[in-house]
Amino acid sequence: MSTENKTRVVTTYRLSEMKARGEKISMLTAYDFSMAKILDEAGIDVILVGDSAANVMAGHRTTVPITLDHMIYHAQSVVRAVNRALVVVDLPFGTYQGNSKQALASAIRIMKETEADAVKMEGGEEILESVQRILSAGIPVMGHLGLTPQSIHKFGTYTVRAREEEEAKKLVKDALILEQAGCFGIVLEKIPASLAERVASQTKIPMIGIGAGNGVDGQVLVVHDMLGINKDFSPRFLRRYADLYTTMKGAFEQYIGDVKSGDFPSNKEQYME
Ligand code: KIV
């Protein structure tokens with residue numbers, strides 16, 4: 001592959017052009033090579049190597065336990081599969097809050113060791129110094145406001161955020177601060193649709209919603225949720241595009257039955273010499 005072709009087709013610049021012309025941005029999570037390859041070939045614009053890997057890949061109750069090494073492993077697997085989509089990697093809890101030098105070191109590890117395109121960070125004004133330091137090193141940053149799962153122990157609930165005026169005002173202010181700092185986009189999670197639409201109309205960078213209504217510039221979902229692999233998670237905002245739990249369980253049951261009965265492998269499925 002020539003050097004020119006190494007740049008992925010979807011860039012942060014292209015995302016801002018998409019917002020300017022009103023083209024919606026599609027984004028889904030991936031954590032492994034096989035899923036990322038299908039997503040990229042389907043034409044997804046952005047792949048998020050989310051710290052939701054802590055939940056769906058590792059079975060943790062929150063995203064708090066996942067480490068930078070784990071995120072790098074997942075991101076390396078995803079990046080190997082992707083030719084077109086922009087790959088964004090979550091900076092995990094404890095690797096950027098409160099110490100901007102540590103934040104930069106974490107972001108540099110992600111960029112150097114995975115060859116991803118950008119990092120994502122949860123929070124507004126409180127993490128501004130870290131955001132600025134990372135941006136000053138030339139690393140694109142995506143923000144994340146509203147329900148920020150790394151702060152779940154502070155919130156104490158996964159319910160809709162920013163319903164109260166004070167929290168809504170802070171969210172708008174944070175979005176403007178992140179835009180001003182140079183972030184290329186922001187994820188808005190689980191906030192009232194009217195508030196999300198207001199933020200999207202006041203900013204030039206794309207607002208990508210999850211549980212934030214249809215007035216934003218794009219949508220993101222956790223891939224296991226939209227494929228119906230996870231049956232125990234049914235928030236209002238989730239649209240399931242498949243029922244892979246049932247399909248996969250059925251296939252496993254059939255395989256187990258075929259092995260037990262001796263039906264598998266058949267003569268056609270073995271080497272006769
Ligand atoms: O980690 C993740 O999957 C996310 C999405 C919910 C936006 O941050």
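Computed from a predicted model, the values in this text were never measured in an experiment. Numbers here are sequence positions counted from 1. Counting starts at 1 for both ligands and their atoms, in listed order.
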* **Selection residues 184-243 - residue pairs positive for ring pair (Phe, Tyr, Trp, His ring centres under 6.0 Å), sequence neighbours left out** =>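 Listed once each, the pairs are Tyr31-His224.
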
* May I ask you to say whether Arg161 pairs ionically with Glu167, meaning some side-chain N is under 4.0 Å from a carboxylate O? => yes

* To do: Could you list all the side-chain hydrogen bond (donor to acceptor under 3.5 Å, both in side chains) pairs where at least one residue sits in residues 89-103, not counting sequence neighbours?
  =>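 Passing the test, one end in residues 89-103: Asp90-Lys120, Tyr96-Gln150, Gln97-Gln150, Ser100-Glu129, Ser100-Arg133.
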
* side-chain hydrogen bond (donor to acceptor under 3.5 Å, both in side chains) pairs, two or more places apart, involving residues 32-44 -> Lys37-Glu41

Polar pairs, ligand 1 vs protein, N/O only, below 3.5 Å.
{"unit_1": "ligand 1", "atom_1": "1 (O)", "unit_2": "Asp51", "atom_2": "N", "d": "3.2"}
{"unit_1": "ligand 1", "atom_1": "1 (O)", "unit_2": "Asp51", "atom_2": "OD1", "d": "3.0"}
{"unit_1": "ligand 1", "atom_1": "1 (O)", "unit_2": "Ser52", "atom_2": "N", "d": "3.1"}
{"unit_1": "ligand 1", "atom_1": "1 (O)", "unit_2": "Ser52", "atom_2": "OG", "d": "3.2"}
{"unit_1": "ligand 1", "atom_1": "1 (O)", "unit_2": "Asp90", "atom_2": "OD2", "d": "3.1"}
{"unit_1": "ligand 1", "atom_1": "3 (O)", "unit_2": "Ser52", "atom_2": "OG", "d": "2.5"}
{"unit_1": "ligand 1", "atom_1": "8 (O)", "unit_2": "Lys120", "atom_2": "NZ", "d": "2.9"}

* Hey, what do you get for NZ (Lys170) to CD1 (Ile177), rounding to the nearest 0.5 Å? ->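 Result: 7.0 Å between the selected atoms.
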
* Any side-chain donor near an acceptor of the partner, His70 and Thr67, under 3.5 Å -> yes

